[in-house]
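A short write-up of the structure that comes next.
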There are 2 protein chains.
Amino acid sequence: MKAIALILAPLEYSGQAGRADAEERGLSKPTIYSIAQRCGVSAATVSRVFNRPELVSPRVREQVTAVARELGYLPNPAARGLVTGRAETIGLIVSDITNPFFPLLVRSIQRTAERMGSSVMLVDAEESAAAEVRHVARLRGRVDGVIVASPRSSSAALREAAKGLPCVLLNRPLRDLSSVLCDNTSALFEAGEHLHKHGHRSFALLAGPSASWAAARRSQAIRGWARGRGVELTELGPFRATFKGGRQAGAALLETAATAAFAFDDLTACGVLAELAGRGVAVPGDRSVVGCDDVLLARTVTPSLTTVTAPMDDLGAIAVQVLTRQIEAPGGAPEHHRLPGVFVARDSTGPRSTS
Amino acid sequence: MKAIALILAPLEYSGQAGRADAEERGLSKPTIYSIAQRCGVSAATVSRVFNRPELVSPRVREQVTAVARELGYLPNPAARGLVTGRAETIGLIVSDITNPFFPLLVRSIQRTAERMGSSVMLVDAEESAAAEVRHVARLRGRVDGVIVASPRSSSAALREAAKGLPCVLLNRPLRDLSSVLCDNTSALFEAGEHLHKHGHRSFALLAGPSASWAAARRSQAIRGWARGRGVELTELGPFRATFKGGRQAGAALLETAATAAFAFDDLTACGVLAELAGRGVAVPGDRSVVGCDDVLLARTVTPSLTTVTAPMDDLGAIAVQVLTRQIEAPGGAPEHHRLPGVFVARDSTGPRSTS
DNA sequence: GTGAAAGCGCTAACAT
DNA sequence: ATGTTAGCGCTTTCAC
């Protein structure tokens, strides 16, 4: 009996002996096999130590852990991914990384993803709808799911591109895809009231990119408020969501008699401010300007911007959580979340000019 | 003979027949095996069509391509990576994604990486040296190499973290690791001359974070210039590379008699501008301010910043190229590149105040 | 609690 | 030009 037992317990796992030997001499990277061999256990046991430690006896578990550390073992994600079908990675496509709206969002998404054990693959679409779609195709297979932030693509294109891939849209609603939205409607109402209280009666709406849901939504909110309030509203634009676009918007604003303007976002608002300053128009003395998003810029510009703060951290965190659910239960019903922005008054708004 | 030949040519590849069957009915994802079966060729041939098409006859090549498209085949990166040992992905660690310096850099790196067929895994270290090191460890195995932008970690920590992993440092020199630097020395000399011509004789140096190589380098350049020019230079700081840090720097500046100040970067400079504006100090009337980097902010702020433009596109592109070489020839000698910044005069500098 | 064995989907010799 | 054959490193039944 004893002899037989010995025969049945070979000293090495034949198939891997060569490799293990080589790496014993530091020639190749450690694998579960090298660890297994050094510990006198099977590779399966080593694997369990990392994935289901409760199934392994404490003694073996500790030994394996120790040897793994000593060898500097790192599981090979490709090998693991090949069998599990998971990349432990999510894709993040942003419409324009240079837009100051995104950095904090990226940070929040990344933090949350990391807490969930996933890495983030970031892709900048450079404001191109075509690039967005191309990139989700490219990401497919490399990631478990994607978040598309402020997409510019058509709904049909998005739907098609995301077919069979867990996906959540940020700032863009779409029935069949999950979405997380920042809704500034009520905050913009507050902004309107704030201006109204300061005596403004004639307003300008500097519309953002027509492909942007946020832009449409904001315009709609402002229109709604103006109508309800019975004040005059001149619609200008659409303007690009850039500093330059803002300067154009500023120029256009000066063609009107509006004493207060709603810019599409803070970046545009900064352009407006710059244009007005360049033409010697005082803010808020001559005209009041409100932005949206409350990006870093909003505080740094002079005068600091009255704006609507977007709950970046929550937007990002929720997006990742929803995506995670979507990944774990593919084909589950899409979720729709809507977070309100909050109005914040600063120095770019004030009493209506007396001129 | 004929009979034997038939026996040797089975109709299906036994090992994979079951899967292929299943997926024929649309139950599983297409693989090279499903395509092979439909085309009556071997999986190796299908693989060749994608990797070494010139080795496959045009006829077969076209058929395989057609079927692949029809089935919506997408190669599995994990499987490919497992055998090639390449992830076709590079890691990008930035010290602080909210710093406006990075977006354009990220874009440039990503563009170049994409041209090289690689994706980018972005990680934000949130200004923490520890996080930097942690993240390169985490990235190891998931990426073929990493770019660390403006690292805050100690040289020793970086060296250790990058051991055995292709790595290029951005804005941080280190003998044994490749680096791509933006050197603003001569541009800062020009800035000094520019101010000197405007009559300034007393200067302030608002130093940046002590862990930043760029900060040290810039301070050194300015000191060198001031000494050579024989002008008075007051050193203040270090200040954090944030808007807030800039406001503090601005306050400190006002304690001195300096009529012109070198801020560490544009973000700090904006803080300085805001602080001065808040205290009713005119720029450039009372004091002149120069920034560095030429980020978006530099143009949007009022007055627009006199600064030093960093060649972002080149910095990013070169970093990726160097990294690619490093990946293809591991253990090759580190490369060191140094690109000059270029001075640009705008509205934050002007004649010395006459007061 | 642990091991044997089968594969995940692909590439790369090595044949032919 | 194409097929055969081994794995890449890991997870995961299924036995024991």
Side-chain angles (χ1 to χ4, degrees), chain A residues 5 8-20 22-23 28-37 39-61 63-64 68 73-88 141-142, chain B residues 5 8-20 22-23 28-37 39-61 63-64 68 73-88 141-142:
Chain A
L8 291 178
L11 292 173
E12 322 185 295
Y13 299 99
S14 53
Q16 304 290 335
R19 288 208 74 267
E23 164 264 321
S28 79
K29 293 184 126 173
T31 69
I32 49 171
Y33 286 98
S34 18
I35 298 175
Q37 196 188 19
C39 296
V41 300
S42 78
T45 298
V46 176
S47 174
R48 284 191 196 102
V49 168
F50 296 114
N51 301 301
R52 323 261 328 251
E54 66 288 3
L55 297 185
V56 178
S57 76
R59 280 252 309 279
V60 177
R61 195 191 309 155
Q63 193 198 358
V64 167
Y73 169 75
L74 238 48
N76 179 325
R80 188 203 294 258
L82 183 53
V83 33
T84 62
R86 287 278 174 81
E88 308 295 356
R142 320 184 75 82
Chain B
L8 291 177
L11 292 174
E12 321 186 295
Y13 298 99
S14 53
Q16 305 289 334
R19 286 207 74 268
E23 164 265 320
S28 81
K29 292 185 126 170
T31 69
I32 49 171
Y33 287 98
S34 17
I35 298 175
Q37 196 189 20
C39 297
V41 300
S42 77
T45 299
V46 176
S47 175
R48 282 188 199 106
V49 169
F50 297 114
N51 301 302
R52 324 263 325 255
E54 67 287 5
L55 297 185
V56 178
S57 77
R59 279 254 309 279
V60 178
R61 195 193 307 156
Q63 192 199 358
V64 167
Y73 169 76
L74 240 48
N76 179 324
R80 188 204 294 260
L82 182 53
V83 32
T84 62
R86 287 279 175 80
E88 307 295 356
R142 321 184 74 82

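Being a predicted model, the structure only gives us computed values, none of them experimental. In what follows, chains carry the letters A, B, and so on, assigned in the order in which the sequence lines appear, proteins first and then strands, with residues in each chain numbered from 1.
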Rounded to whole Å, please give me the gap between [atom1] in [X] and [atom2] in [N].
{"X": "A:N76", "N": "C:dC8", "atom1": "CG", "atom2": "P", "result": "18 Å"}
{"X": "B:R86", "N": "C:dC10", "atom1": "CZ", "atom2": "C1'", "result": "16 Å"}
{"X": "A:L82", "N": "C:dG7", "atom1": "CG", "atom2": "C1'", "result": "9 Å"}
{"X": "A:Y73", "N": "D:dG9", "atom1": "OH", "atom2": "C1'", "result": "7 Å"}
{"X": "B:R80", "N": "D:dG9", "atom1": "CZ", "atom2": "P", "result": "18 Å"}
{"X": "A:I32", "N": "D:dT12", "atom1": "CD1", "atom2": "C1'", "result": "11 Å"}
{"X": "A:Y33", "N": "C:dA6", "atom1": "OH", "atom2": "C1'", "result": "10 Å"}
{"X": "A:I35", "N": "D:dC10", "atom1": "CD1", "atom2": "C1'", "result": "12 Å"}

So [Y] and [X], do their side chains get closer than 4.5 Å, heavy atoms only?
{"X": "A:N76", "Y": "B:L82", "result": "yes"}
{"X": "B:V46", "Y": "B:Y33", "result": "no"}
{"X": "A:R61", "Y": "A:P58", "result": "yes"}
{"X": "B:V64", "Y": "B:V56", "result": "no"}

Nucleic acid contacts of residues 45-55 of chain A, taken as heavy-atom distances under 4.0 Å to DNA chain C: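 Heavy-atom contacts with DNA chain C come from A:T45, A:R48, A:L55.
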Closest approach of B:S47 to B:I32 (non-hydrogen atoms, all atoms of both residues):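 Nearest heavy atoms, B:S47 then B:I32: N-CG2, 4.4 Å.
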Heavy-atom pair of closest approach, residues B:A43 and B:A36: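 Heavy atoms only, the tightest pair is N-CB, 3.6 Å.
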Residue mapping more 5' on DNA chain D - nearest nucleotide basis, B:V56 or B:V83: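 Its nearest nucleotide being more 5', the pick is B:V56.
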Comparing B:A78 and B:A44 on DNA chain C - which has the more 5′ nearest nucleotide: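 Result of the comparison: B:A78.
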N/O (side chain, B:S57) to phosphate O (OP1/OP2, D:dT2) under 4.0 Å: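 For B:S57, the contact criterion (side-chain N or O under 4.0 Å from OP1 or OP2 of D:dT2) is met.
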Under-4.0 Å side-chain N/O to phosphate OP1/OP2 contact, B:S42 with D:dG3: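 Answer yes for this pair, as a side-chain N or O of B:S42 is under 4.0 Å from OP1 or OP2.
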Residues that A:R80 engages under side-chain hydrogen bond (donor to acceptor under 3.5 Å, both in side chains), provided they are two or more places apart: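 If we apply the side-chain hydrogen bond (donor to acceptor under 3.5 Å, both in side chains) test to A:R80, skipping adjacent residues, the hits are A:N51.
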